[in-house]
Amino acid sequence: MPSIAAVRFASPLPQLDREYDYLIPEGMSLVVGSLVEVPFGSGKKAKSGVVVELKELSEHKGELGSITEVLSLHPQTSAEVLELCKQVAQRQASTVGELLTSALPKRFIRAEKNLIPIPAFEQLDSEGTSSLDETLLAAKRVHYTPELISEGDGIPNWSIDFARAAARQLIAGRSSLIILPDYREVRHFELALEKLGLTQHSLRHVSTDTGSSRYSNHLRAQMSHAINFGTRTACFSAIRDLSIIMLWDDGDESHIEQGSPYWNSRDVLLQRQQIEDTHLVIASHSPSAESLRLIDLNYLVASDANGTKPLVRITDSFTRLDDETFALVSKRISDGKPVLIQIANLGWASAIACSTCKELRKCPNCQSGVWIDPAGMYRCRSCQQSDLLPPCSCGGTNTRPVRIGASAIADQLRRSFPKTTILESNGDNPLISTSASGALVVATPGSEPDVVGGYDLIVIADAAQMIGAPRLKALERAVGSWANAISLASKQSLLIFVGLSGVIADQIKELDFKSIVSGDFQDRLSLGLPPSTRVASVISNNQPDFILFKEGLEKIAIVQRLRFLPSADKLSLILDYQYSDGAELAQLLRSLANSLTAQSKHKKPGERVYRINMDDSKVI
Ligand SMILES: [Zn+2]
Ligand SMILES: [Zn+2]
């Protein structure tokens, strides 16, 4: 029986980022993952931590304290997930303690009393196999493109394919982990589980669920074999006999942790696949540039389900609803068929100009652009100020919209089709599904609702604007959002793309999303932009500490290009580096940040002096 336990604390503080050894009192039984109470610091204050290793010898010089108490009979995590936290911390230049806060949900003592195990699963009611199943027989890591158009029952093909692949593992007595971008896809996956009779064999891990239900499912995942699914934090759920990991829509921004340490589902799951030696499936309707890179490197085997594709019409005028499109919309509506119009910008107008001098109006507070939100209020793009606009510098008080948004389009359509139900869905107020037959839906990218039977006509009205946006991932994100919107079409649907020409028009005609993203990826490769290289950022709140960090960085040879990003409220440094230098650079940045933090004369108590983001795509 080992006599010493190494303990870690779930804390982002760099000074606590190490393992502390404690003696195990005679008769106390512990496993890796046990939650314990220990005396800590000079005052021997009681502190709870998690056991990360059991051993015979300690390298600690001096007397060891003893573990006071085992707080829960249930292990809170697994050795594999602890190893994952360690590796992710290294990759992200972060601390293990910070990641433990994701891996360990809050404890609810009452939930420990009635943990119901998951019943054994023997066989699927309905037979059937997908090309995903076939590829998994031969390959460990797969990139999967499911059939685009579903049966019209509101259950997307990928969710059925994922559920089936998970069920196969369950029959063999093994568990699965499915990571989804948002609540909407969680709902889709639940519908697939229901359809295949798998609901009672599944465990949901969603951060917005109640704490006690999350905690209960967290423990049950370690007790029984199950289909585990959830949003990005579930990447760190400890799972019994995990044998397959599946990730849906890895390019979706919801997969990126927005605060430090800024990890993303794809990179964490790639690390987890290695640690637990599982199968890995990354799937989406349109690939991310990062997965194309992995396919290029033969790290992922590509599998494509193909299937029927709807008819495509392309207009080369920039009019969102030209006469012909308007006539097609009108015809569908009078036939009682549902229509979807995707509009890129939310609200009434994406910018406004002075009617007198034609100048674009700016925020009186910070001089950024202003737009008109869905409530019809002026809003600043940067400081979010929302108030009445003072008169223009020319004295003019009237304004006109520069580009009208989804609310204005919906309003115009209400006037054109007074008898039709016109629905609006956007990121602020998403509509998950509608059963209104013959509804006309105006939605912003990513918030298109499902409709029974599928849409009969889908208009991608801002196709040209979306691909022309001055952002690194504009094209990839645009195509991804089109593909997801189109997946809601019926098999007889017509798709209209507005304002496309040239090569992209030809590729869209075939709905060949992969070629479009691949071309974009090749362009980025030749320009030395991500994902073939990586771009990190370091933020600091005060000038003196910022300067010290910059001086430290200038001595690091593997930093290829170092530059500043001026911003109103913070100081950032941007640096480019090669993929192969990632581990070394993360280590260097982390020790630089730690040593400068320790010396800082400007930090307030408990303040984080530096925030490091190892992959900051927002800065390009
Ligand atoms: Zn003016
Ligand atoms: Zn402002």
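Quick note: numbers below take in every heavy atom, side chains included, and nothing from hydrogens, waters or symmetry partners. Both counts, for ligands and for their atoms, begin at 1 and track the order of listing.
To the nearest 10 degrees, the Zn ion (ligand 2) sees SG of C366 and SG of C363 at an angle of 110°. The angle C383:SG - the Zn ion (ligand 2) - C380:SG amounts to 110°, with values rounded to 10 degrees.
Protein N/O/S atoms closer to the Zn ion (ligand 1) than 2.8 Å number 4 in this structure.
For the pairing with H188, the side chain to side chain donor-acceptor pair (under 3.5 Å) check across E190, E185, R184 returns one residue only, E185. Considering D267, L84, I179 in turn, I179 is the only one that fulfils the side-chain contact (heavy atoms from CB on, under 4.5 Å) rule with C235.
With rounding to the nearest 0.5 angstrom, the CG atom of D182 is 5.0 Å from the OG atom of S254.
Between F546 and F564, the ring planes lie tilted relative to each other; the angle falls in the 30° to 60° range. In this structure, W158 and F189 have parallel ring planes: the angle between them is below the 30° cut-off, well short of the 60° mark.
Closest heavy-atom contact between W248 and N484: CZ2-OD1, 4.4 Å.
Listed by first and then second residue, the salt bridge (Lys or Arg N to Asp or Glu O under 4.0 Å) pairs involving residues 532-551 are R534-D615, K550-E554 (not counting sequence neighbours).
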